[in-house]
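Below: one structure, written as C-alpha cells.
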Amino acid sequence: QVQLVESGGGSVQAGGSLRLSCVASGYTFSSSCMGWFRQAPGKEREGVAAISTDGYDSYYRDSVKGRFTISRDNAKNTVYLQMNSLAPEDTAIYYCAAVKDPACQPGLVRDEYKYWGQGTQVTVSS
C-alpha cells in the first residue's frame, strides 16, 4: 500500500522559512518523480516544484523560483521542500505526490501524479 506522509508545515511570519518533508512507503521511491503541490482556499491545486528520480533535475513554478528548493534522499525515501522568504500568498495546504514511472520527467501537471499525501498546512502572516 502506497503511503505519502507530509510534515513540517506550520505558521510563520512573512520572510520566514519552513522545510517540508514527505516520507514515502509501499513502492520503489527511487523509481518515481516527486512533486509538491499546494491548494489555497477557493483555488485550484497548483504545482510548486518537482524533482527527477535521481534528484539531478528539478522544475519550479515561476512564483517560487529562487525561494523554494526541492530535494530528495532516496536512501530515506524522503522528498523535501525548503521554503524561504515566505509570503502570505504562499499560504496553502501543501501536498506531496508521486509519479510511479521510472521514465518520468519532473513536471507540474497534476494528472501525471498517481499517489498523493494528505497534506500539511502552511500559513504565512504579514
Side-chain angles (χ1 to χ4, degrees):
Q1 180 182 355
V2 174
Q3 276 195 309
L4 300 174
V5 180
E6 303 97 335
S7 63
S11 297
V12 296
Q13 290 193 323
S17 298
L18 284 173
R19 188 195 197 202
L20 306 183
S21 300
C22 172
V23 179
S25 61
Y27 73 105
T28 305
F29 179 73
S30 59
S31 295
S32 67
C33 291
M34 298 296 295
W36 285 96
F37 289 74
R38 66 186 180 187
Q39 188 167 17
K43 294 190 175 180
E44 297 263 329
R45 190 172 298 189
E46 62 183 19
V48 176
I51 192 165
S52 60
T53 56
D54 58 9
Y56 283 103
D57 294 319
S58 56
Y59 189 84
Y60 299 89
R61 71 178 302 106
D62 286 347
S63 61
V64 307
K65 285 180 181 176
R67 301 190 298 124
F68 291 10
T69 303
I70 188 170
S71 61
R72 67 189 295 162
D73 185 338
N74 285 348
K76 295 182 178 180
N77 285 6
T78 303
V79 61
Y80 305 96
L81 185 67
Q82 178 66 45
M83 304 186 294
N84 299 328
S85 301
L86 283 161
E89 51 266 35
D90 296 316
T91 295
I93 298 174
Y94 283 71
Y95 301 88
C96 74
V99 176
K100 196 175 173 226
D101 176 2
C104 61
Q105 295 295 320
L108 301 181
V109 178
R110 190 174 65 185
D111 290 346
E112 293 182 352
Y113 288 80
K114 182 173 183 179
Y115 303 113
W116 293 82
Q118 293 301 304
T120 185
Q121 177 71 47
V122 171
T123 303
V124 184
S125 57
S126 57

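Proximity of Glu6 to Leu20: side-chain heavy atoms (C-beta onward) are nowhere separated by under 4.5 Å. A heavy-atom distance below 4.5 Å is not found between the side chains of Pro106 and Ser58.
A side-chain donor-acceptor contact under 3.5 Å links Arg61 to the backbone of Gly47. A donor-acceptor pair under 3.5 Å links the side-chain atoms of Tyr60 to the main chain of Ile70, judged by distance alone. Within the 3.5 Å criterion, the main-chain N or O of Ala92 finds no donor-acceptor partner in the side chain of Gln39. A donor-acceptor pair under 3.5 Å links the side-chain atoms of Asn74 to the main chain of Thr53, judged by distance alone. Judged by distance alone, the side chain of Gln82 and the main-chain N or O of Arg19 form no donor-acceptor pair under 3.5 Å. Arg72 contributes a side-chain N or O that, together with a main-chain N or O of Phe29, makes up a donor-acceptor pair within less than 3.5 Å.
Note that CG of Asp54 and OG of Ser31 are 11.0 Å apart. Values are rounded to the nearest 0.5 Å. Taking OH of Tyr80 as the start and OG1 of Thr69 as the end, the distance is 14.0 Å to the nearest 0.5 Å. Considering OG of Ser21 and NZ of Lys76, their distance stands at 9.5 Å, rounded to 0.5 Å.
In this structure, Met83 is not a member of the same hydrophobic cluster as Tyr59, with clusters built from ILVMFWY side-chain heavy atoms closer than 4.5 Å. Tyr113 and Tyr115 fall into different hydrophobic clusters, where Ile, Leu, Val, Met, Phe, Trp and Tyr residues are linked whenever their side-chain heavy atoms come under 4.5 Å apart, directly or through other members. Residues Val64 and Val122 share a single hydrophobic cluster, defined by chaining ILVMFWY side chains whose heavy atoms lie under 4.5 Å apart. The hydrophobic clustering, which links ILVMFWY residues whose side-chain heavy atoms are closer than 4.5 Å, places Ile51 and Leu81 together. The hydrophobic cluster containing Ile93 also contains Trp116, counting ILVMFWY residues as joined when their side-chain heavy atoms lie under 4.5 angstrom apart, directly or transitively.
Scanning all heavy atoms of the two residues, the minimum distance from Ser32 to Ala98 falls at OG-CB, 4.2 Å. Taking every heavy atom of both residues into account, Ser125 and Pro88 meet most closely at C-CG, 4.4 Å. Closest of all the heavy-atom pairs between Ser17 and Ser85 is OG-N, 4.3 Å. Shown here for Met34 and Val79, the closest heavy-atom pair between the two residues is CE-CG1, 3.9 Å.
Considering only residues two or more places apart in sequence or on other chains, Gln3 meets the side-chain contact (heavy atoms from CB on, under 4.5 Å) condition with Ser25.
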Step-by-step side chain to side chain contact (heavy atoms under 4.5 Å, CB included) determination, Tyr27 to Leu4: CA-CA 10 Å; Tyr27 73 105; Leu4 300 174; 4.0 Å; yes

Begin from the C-alpha positions of Thr91 and Gln121 and carry the test side chain to side chain contact (heavy atoms under 4.5 Å, CB included) through to its verdict. CA-CA 8 Å; Thr91 295; Gln121 177 71 47; 4.1 Å; yes

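Annotation: Trp36 is not in aromatic contact with Phe68 [ring centroid separation under 6.0 Å not met].
Judged by the 6.0 Å and 45° rule, Arg110 forms no cation-pi pair with Phe37.
Salt bridge present: Asp90 and Arg38 bring a charged side-chain N and a carboxylate O closer than 4.0 Å.
Other residues, nucleotides and ligands contribute more than 12 heavy atoms inside 6.0 Å of the CD atom of Glu46.
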